[in-house]
2 protein chains.
Amino acid sequence: MKKATIKDIAKAADVSIATVSYILNDVKTQSISDETRVKVLKIAQQLHYVTNRSARSLKLQKTGLIGILLFRDIAPQPWSDLKYVKTLYTLERLCGELGYHVIFMQVDGDAPSYDMIRERNLDGVFLINVDQERFSSVTRFFGFGIPVFVIDSHIEDSLFHKIMPDFESSFRAAGALLGTAPEFLVMDAYNNAKLGDTVKQLSGLDEERIYVYESKEGLEDFLRKYTDCKGLVMNEFLANEVMRNRGTLERIAVLCTSHCPDILPIGVAKLSYELNDYKPVVGMMNGNIQDADYSNREKFIYLSVTS
Amino acid sequence: MKKATIKDIAKAADVSIATVSYILNDVKTQSISDETRVKVLKIAQQLHYVTNRSARSLKLQKTGLIGILLFRDIAPQPWSDLKYVKTLYTLERLCGELGYHVIFMQVDGDAPSYDMIRERNLDGVFLINVDQERFSSVTRFFGFGIPVFVIDSHIEDSLFHKIMPDFESSFRAAGALLGTAPEFLVMDAYNNAKLGDTVKQLSGLDEERIYVYESKEGLEDFLRKYTDCKGLVMNEFLANEVMRNRGTLERIAVLCTSHCPDILPIGVAKLSYELNDYKPVVGMMNGNIQDADYSNREKFIYLSVTS
DNA sequence: GTGAAAGCGCTAACAG
DNA sequence: CTGTTAGCGCTTTCAC
């Protein structure tokens with residue numbers, strides 16, 4: 001039971017393979033008689049024909065594949081694996097809606113190979129949680145020649161689109177939620193150091209009022225200093241950790257950077273980010289793939305806060 | 001800056017493309033002089049050559065692609081998206097170690113199309129959380145001609161390998177943990193009805209002592225009947241919900257079917273499943289792909305419990 | 001309205 | 001030890 005090819009269809013329908021291809025791809029510049037069209041279509045169905053993407057990709061130099069490369073946390077936490085699920089799933093869904101298939105890959109180690117991207121001729125890639133260090137090595141020698149969108153990574157290169165939460169608005173909104181400016185901030189580490197710095201700076205808090213999570217003990221020590229203060233926690237999973245420590249999430253506003261507000265108890269002050277904002281993002285990616293000279297407008301895209 | 005092909009290498013090294021191919025693929029049946037070998041290898045490097053997988057796949061009728069199809073929960077819960085992350089990530093990692101790339105796809109709707117599998121000529125697929133109903137439609141007409149492993153799905157077809165937690169041992173171990181047989185069970189719904197039934201049956205509990213999660217209210221009603229009883233919760237995310245309801249997880253043993261025991265407070269009685277058990281599974285998949293007549297031994301594989 | 005044929009980049013059987 | 005060549009399945013130009 002071998003797979004049927006257009007050649008098989010051509011033979012069965014007694015037409016040329018070119019004609020079959022025209023019909024299956026609904027090529028507008030060719031006129032095909034309705035008679036042959038239905039005949040071919042029917043036979044294709046009978047033979048359970050599906051197009052062979054390897055062959056088409058080879059010919060067209062377009063694969064219809066989009067890569068999502070997730071960089072593992074340099075400093076792994078129990079919730080590391082949970083952080084980007086929503087992002088991953090959302091991207092997959094949106095790419096799927098546009099007809100793309102998604103190759104998912106975790107990248108690890110300190111000299112990752114990006115060969116897959118070139119071997120598979122990906123049409124575009126999303127990089128999540130990339131650190132500048134491990135990435136600049138590659139972009140130094142060659143870009144990828146394809147659209148690259150980086151998520152939660154402040155990569156210094158105008159080639160790439162950068163997507164991240166709208167931290168600035170977040171801090172404003174959080175202040176409003178607390179009724180006062182927060183006095184401390186607990187945050188999860190980003191692989192990208194620069195992004196971490198940006199966040200700290202935007203929070204408007206002094207360095208010593210910010211704790212970047214490392215361990216339960218470190219957190220405990222830090223929180224002890226702010227027992228009755230109002231504060232901010234970035235990342236809902238980390239917030240759970242904070243709750244265990246403080247016994248409550250009162251006087252705390254949580255920024256749900258992992259898009260999972262639901263895992264928090266009801267009643268907690270929390271802010272989320274619009275997953276729908278990825279729709280235009282994927283649209284842009286698609287635009288870049290279709291038109292070589294698609295207007296690339298903004299290189300920075302911010303996910304909007306919602307409450 | 002076009003991508004280099006073996007033809008380019010051949011020209012630059014002044015050898016035939018066959019020779020280049022032999023060298024790059026390290027073909028054992030050919031003997032190549034060290035001189036040409038190093039020459040070719042050097043040039044390949046200089047040109048930043050990577051093999052074009054579309055072309056190779058077309059020729060070899062093997063793509064080096066493995067699909068992971070995740071079936072969305074029919075009855076979605078807030079934690080639905082979190083349930084299979086660990087499984088997904090582990091499978092990707094293991095497939096990657098064997099040189100495969102992974103296509104990830106969520107499947108939804110009630111007449112899903114499996115065309116991708118055939119169009120992309122996947123070498124194998126994992127199906128996660130499949131219900132018999134939506135799946136039998138496809139297997140009725142044609143298998144896929146490739147190894148198919150189903151996870152958390154009790155599909156009635158000897159074609160497929162079925163992987164699931166070792167529920168039987170779990171219940172025994174949970175009993176030991178509680179010091180007595182559990183008096184009730186709260187569980188998360190599986191898409192696969194049959195699997196749900198199996199679990200219920202293995203628990204040894206009467207139907208009315210089992211609650212399959214539907215809503216906060218339903219859970220509340222159910223738990224009220226067992227305030228001081230010892231019980232079992234299947235799935236750690238659901239356990240969090242139970243904790244909010246009961247105020248504690250005392251007298252409860254949790255089966256961490258999502259491999260995320262860490263999200264529970266410390267001190268909770270919990271059981272996990274060996275993610276390492278996926279290693280031989282992926283090995284079997286690989287065996288099936290390499291040898292057409294690989295011994296397929298066991299059709300049922302159980303992930304072992306750990307505490 | 002339809003078809004012949006080139007060629008995408010690669011592998012491998014066969015010839016030398 | 002190395003090269004020639006057919007062919008994987010598809011798209012598309014150009015000719016009829």
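By convention in this document, chain letters (A, B, ...) are assigned in the order of the sequence lines, proteins followed by strands, and residues within each chain are numbered from 1.
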What pairs of donor and acceptor atoms, side-chain ones from residues 60-70 of chain B against any protein atom, are under 3.5 angstrom apart with sequence neighbours left out?
residue: B:T63; atom: OG1; partner: B:L65; partner atom: N; Å: 3.3
residue: B:T63; atom: OG1; partner: B:N121; partner atom: O; Å: 2.7
residue: B:T63; atom: OG1; partner: B:D123; partner atom: OD1; Å: 3.4

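Side chains of B:N192 and B:N129: no donor on one and acceptor on the other come within 3.5 Å. In this structure, a donor-acceptor pair under 3.5 Å is present between the side chains of B:S16 and B:T19. For A:Y84 and A:D152, the side-chain atoms include at least one donor-acceptor pair closer than 3.5 Å.
Here B:S31 lies in heavy-atom contact (under 4.0 Å) with a base. The residue A:L60 sits close only to the backbone: its heavy atoms come under 4.0 Å of sugar-phosphate atoms, none of a base. Counting non-hydrogen atoms under 4.0 angstrom, B:I6 reaches a base of the nucleic acid. If you check every strand for non-hydrogen atoms under 4.0 Å, A:T36 touches sugar and phosphate atoms only.
Boundaries of the chain A contact region on DNA chain C are C:dG1 to C:dG9, first to last in 5' to 3' order (nucleotide atom under 4.0 Å from a heavy atom).
Nearest-nucleotide assignment on DNA chain D puts the 5′-proximal partner with B:R37, out of B:Q61 and B:R37.
For the residue pair B:L195 and B:S153, the shortest heavy atom distance occurs at CD2-N, 3.9 Å. Here the shortest heavy-atom pairing between A:H101 and B:R120 reads ND1-NE, 2.7 Å.
A close approach under 4.0 Å does not occur between any side-chain nitrogen or oxygen of A:T51 and OP1 or OP2 of D:dG9.
Of all the residues in residues 14-27 of chain A, A:V15, A:S16, A:A18, A:T19, A:Y22 reach under 4.0 Å from DNA chain C with at least one non-hydrogen atom. Residues from residues 39-48 of chain A that place a heavy atom under 4.0 Å from any atom of DNA chain C: there are none.
Listed by chain and number, the residues in a side-chain contact (heavy atoms from CB on, under 4.5 Å) with A:S113 are A:D115 (sequence neighbours excluded). By the salt bridge (charged side-chain N to carboxylate O under 4.0 Å, His left out) test, A:D26 pairs with A:K28, A:R37, sequence neighbours left out.
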Before you tell me yes or no, could you show the steps for B:V102 and B:F126 under side-chain contact (heavy atoms from CB on, under 4.5 Å), namely the whole-Å CA-CA distance, both residues' side-chain angles and the distance that decides it to 0.1 Å?
CA-CA 10 Å; B:V102 162; B:F126 288 99; over 6 Å; no
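Regarding B:N121, its CG atom lies at a distance of 11 Å from the C1' atom of D:dC8, rounded to whole Å. Rounded to a whole Å, the NZ atom of A:K7 is 15 Å from the P atom of D:dT11.
Aromatic ring pairs are classed by plane angle as parallel below 30°, tilted from 30° to 60° and perpendicular above 60°; the pair B:F149 and B:H161 is parallel.
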